[in-house]
Amino acid sequence: MACLATALIKNLGRHIGETVTVQGWLYNFRSSGKISFLIVRDGTGLVQGVMVKKEVGDELFALAGTLTQESSLKVTGTVREEPRAVGGYELTLTGLEVVGIAAEYPITHKEHGVDFLAERRHLWLRTPRQTAIIRIRSEIEQAFRDFFYQRDFVLADAPVLTPAACEGTTTLFELDYHGDKAYLSQSGQLYNEATAAALGRVYCFGPTFRAEKSKTRRHLMEFWMIEAEMAYYDIDDNMKLQEEMVCYVIQRVLERCGQELKTLERDVAKLAAVKLPFPRISYTEAVALLKNAGEDFTWGDDFGAPHETMIGNSFDSPVFVHRYPTAIKAFYFKPDPHDANVVLGADLIAPEGYGEIIGGGQRLDDLALLEARLAEHKLPREAFEWYLDLRRFGTVPHSGFGLGIERTVAWICGLDHIRETIPFPRMLHKMYP
RNA sequence: UCCUCGAUAGCUCAAUGGUAGAGCACCCGGCUGUUAACCGGGUGGUUGUAGGUUCGAGUCCUACUCGAGGAGCCA
């Protein structure tokens, strides 16, 4: 057979009346004896090919009958509009090349449990819902990069192997580094502060690791974080940048991922409702909000997941909660000049119960106070000498933040669980495949 | 680490303490517009593991294993 032009399913609308070849996998097959329907997927969409026995001949028709779900194939046919078919277009088939017959496929079009699907994540990814999520994740990551690029940020990636705990709080994955101990990064922030002093405005994007025994719908052992750090930014500059960034990303997904959001049955009105500026409330105001809602909460405690949800559900947009008690935040936050009991940290809590998606704030830029804080937190001074250098040599007010990609994807996609937001999630006690 | 719930066919689930079943998948047959196609037939089980109670246990009890949801911690 002559080699005809190949086409992506998502572009079939450009080829009406033409004969094209689609390279993909068999998603579903139906036959009524003299006419067959082959639904093919190629990663960009689904298209139905129609094969009529008396037009293609007995041999080709019989070949189609041997196809199993997920067999790889190339189908050739004429493109036409067909409102009855999935995607709106249909191929009148004239050719079929079988590339590989698939063995009996475990994932059917019926329901499956999460454990069954998780064990077959490498195959589960082929389903329309999962491909929609990964496409939206890709768009979100691209949008972040474009946002920073447009604003003259420099991508300065942080190391994944680190010599010491960044914050000294969470449990880290430890490994052997030629006889010394090393840890998988839990944050690129301290390194960002160094590159920000070199380049002004920077961000890094990479995986981070937490060995906490967390087993909830919001936690992964390995997750990806966008972290930015800006010289000469105060807490208000920081929040303004973050809300503009989040709005930009939401708009990009609404503009370019309509089909995927539809596949996920996402209520896009809730995304469209996200408008600038985001509400800002202080920690103290958030405590009052919780108490008014009948919660028993003491000023000075950290919010639990239910509290975050209550705060987030009180607003249509994400909400900043700023100026937390000094005692519950990491050593590197700058105290509020007007109230030494709180620091200039600000977290962004997503609506619809998705919880904290950004943690950030203005950094402590005073050398003496930073040294005192390291001692208070019982952190090994030697490991932070390089970090103290950043205050010795031209310290400036600066701020930054870290945004969790997976929680952001879960929110934008409206997912129940974070495990679907990354191709191969690392869960507590589960990292196969 | 703690709390709650669960485990029956390849999958999703039924089954008063009394003969283990259905739908789907798969195999065979039928059907020229199917949409998780449909219709007829067929294959398919050490009921998570080990004990215990009982005339009799998928069902009740104990322990363990694995899984799910949540808490804490966090993004």
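In the text below, chain A, chain B and the rest are named by the order of the sequence lines, each starting its count at 1. Please read all numbers here as calculations on a predicted model, not as lab measurements.
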statement: Across every strand shown, the nucleotide meeting Watson-Crick or G-U wobble geometry with C60(B) (both distances under 3.5 Å) is G52(B)
message: Tell me which nucleotide, if any, is Watson-Crick or G-U wobble paired with C73(B) when both distances must be under 3.5 Å.
response: none
- request: Check for a donor-acceptor pair, side chain of Arg41(A) on one end and backbone N or O of Leu26(A) on the other, with a separation under 3.5 Å.
  value: no
- line: note: Gln186(A), atom CD; A75(B), atom P; distance rounded to Å ~ 9 Å
query: How would you label the contact of Gly355(A) with the nucleic acid (heavy atoms, under 4.0 Å): base, sugar-phosphate, or nothing?
result: nothing
- prompt: Given atom CG of Leu428(A) and atom P of A71(B), what is their separation to the nearest angstrom?
  reply: 15 Å
message: With a 4.5 Å cut-off on side-chain heavy atoms, are Arg363(A) and Gln189(A) touching?
response: yes
- line: Closest non-hydrogen contact found for Pro279(A) with Phe315(A) is CG-CD2, 3.5 Å
Distance-only donor-acceptor test (3.5 Å): side chain His112(A), base C11(B): no
- line: Reading nucleotides 22-31 of chain B from 5' to 3' and marking B where a protein heavy atom lies under 4.0 Å of the base, S where only the sugar-phosphate is that close, and - otherwise, the string is --SSS----B
- prompt: Under 4.0 Å: is that the gap between some side-chain N or O of Arg218(A) and OP1 or OP2 of A71(B)?
  reply: yes
Whichever of Ile358(A) and Ala85(A) has its nearest RNA chain B nucleotide further upstream toward 5': Ala85(A)
message: Do Asp146(A) and Gln150(A) pair up side chain to side chain, a donor and an acceptor below 3.5 Å, judged on atom types alone?
response: no
task: Quote, to the nearest angstrom, the P distance that separates G72(B) from G18(B).
output: 43 Å
message: Taking A14(B) as the reference, what is the distance to A7(B) when you measure between their P atoms (whole Å, please)?
response: 8 Å
message: Between P on C38(B) and CZ on Phe37(A), what's the gap in Å once rounded to a whole number?
response: 14 Å
query: Expressed as a whole number of Å, how far does the C1' atom of C5(B) sit from that of C74(B)?
result: 25 Å
message: Does Glu90(A) reach a base, just sugar-phosphate, or nothing at all? Heavy atoms under 4.0 Å.
response: base
task: Whole angstrom is fine here: how far is it from CD in Glu111(A) over to P in A14(B)?
output: 12 Å
field: A14(B): pairing nucleotide in any strand, Watson-Crick or G-U under 3.5 angstrom
entry: none
query: Which of the following nucleotides, C73(B), G72(B), U32(B), is nearest to the side chain of Glu212(A)?
result: C73(B)
- prompt: So which nucleotide does U8(B) pair with, by the Watson-Crick or G-U wobble rule with both distances under 3.5 Å?
  reply: none
query: What integer number of Å spans the C1' atoms of C13(B) and C2(B)?
result: 31 Å
message: Please give the distance between the C1' atoms of C55(B) and A71(B) as a whole number of Å.
response: 47 Å
Chi angles and distances behind the ring-ring contact (aromatic ring centres under 6.0 Å, His included) call for Phe384(A), Phe331(A): CA-CA 12 Å; Phe384(A) 291 90; Phe331(A) 71 93; 5.5 Å; yes
message: Whole angstroms only, please: what is the CD1-C1' distance between Ile418(A) and C74(B)?
response: 11 Å
field: Results of side-chain hydrogen bond (donor to acceptor under 3.5 Å, both in side chains) for Glu90(A) - residues two or more places apart only
entry: Gln48(A), Arg80(A)
message: Could you measure the distance from the CZ atom of Arg145(A) to the CD atom of Glu141(A)? Nearest 0.5 Å is fine.
response: 7.0 Å
task: Assign each of Ile35(A) and Phe116(A) to its nearest nucleotide of RNA chain B by heavy atoms, then name whichever residue's nucleotide is nearer the 5' end.
output: Phe116(A)
query: Got a second to check how far Tyr89(A)'s OH is from Asn11(A)'s CG, nearest 0.5 Å?
result: 10.0 Å
task: From the options U12(B), G67(B), C74(B), select the nucleotide whose nearest atom is closest to the side chain of His219(A).
output: C74(B)
field: Polar pair under 3.5 Å, donor/acceptor by atom type, side chain Glu119(A), base G67(B)
entry: no
query: How close or far is atom P of A75(B) from atom CG of Asn192(A), stated in whole angstroms?
result: 14 Å
- prompt: Within less than 4.0 Å of OP1 or OP2 of A68(B), is there a side-chain N or O belonging to Lys215(A)?
  reply: yes
- request: Check the side chains of Thr108(A) and His112(A) for a donor-acceptor pair under 3.5 angstrom, ignoring hydrogens and angles.
  value: yes
task: Sort out the partner of C38(B) for me: Watson-Crick or G-U wobble, both distances under 3.5 Å, none otherwise.
output: G30(B)
task: Could you give the distance separating U53(B) and G45(B) at their P atoms, to the nearest angstrom?
output: 30 Å
query: Please give, in whole Å, the distance from G69(B) P to Asp416(A) CG?
result: 10 Å
message: Using a heavy-atom cut-off of 4.0 Å across all strands, would you classify Arg419(A) as base, sugar-phosphate, or nothing?
response: sugar-phosphate
message: Whether Arg121(A) engages the ring of Trp124(A) as a cation-pi pair (distance to the six-membered ring centre under 6.0 angstrom, angle to the ring normal within 45°) should be assessed.
response: yes
message: Give the residues of residues 289-318 of chain A touching RNA chain B, defined as any heavy atom closer than 4.0 Å, sorted by residue number.
response: Asp302(A), Gly304(A), Ala305(A), Pro306(A), Glu308(A)
Under 5.5 Å and under 30°: Phe223(A) stacked on A75(B): yes
- line: Rounded to whole Å, CD of Glu70(A) lies from P of A36(B) at a distance of 17 Å
query: When the C1' atoms of U59(B) and G52(B) are considered, how many whole Å apart are they?
result: 15 Å
Nearest-Å distance once atom C1' is located in both U46(B) and U8(B): 12 Å
message: If you apply the rule ring-ring contact (aromatic ring centres under 6.0 Å, His included), what do you find for Phe147(A) with Phe153(A), and how did you get there?
response: CA-CA 9 Å; Phe147(A) 176 85; Phe153(A) 277 68; 7.4 Å; no
message: Any base atoms under 4.0 Å from Arg80(A), or only sugar-phosphate, or nothing? Heavy atoms, all strands.
response: base
field: Aromatic ring pairing Phe148(A)/Phe144(A), orientation class (parallel under 30°, perpendicular over 60°, tilted between)
entry: parallel
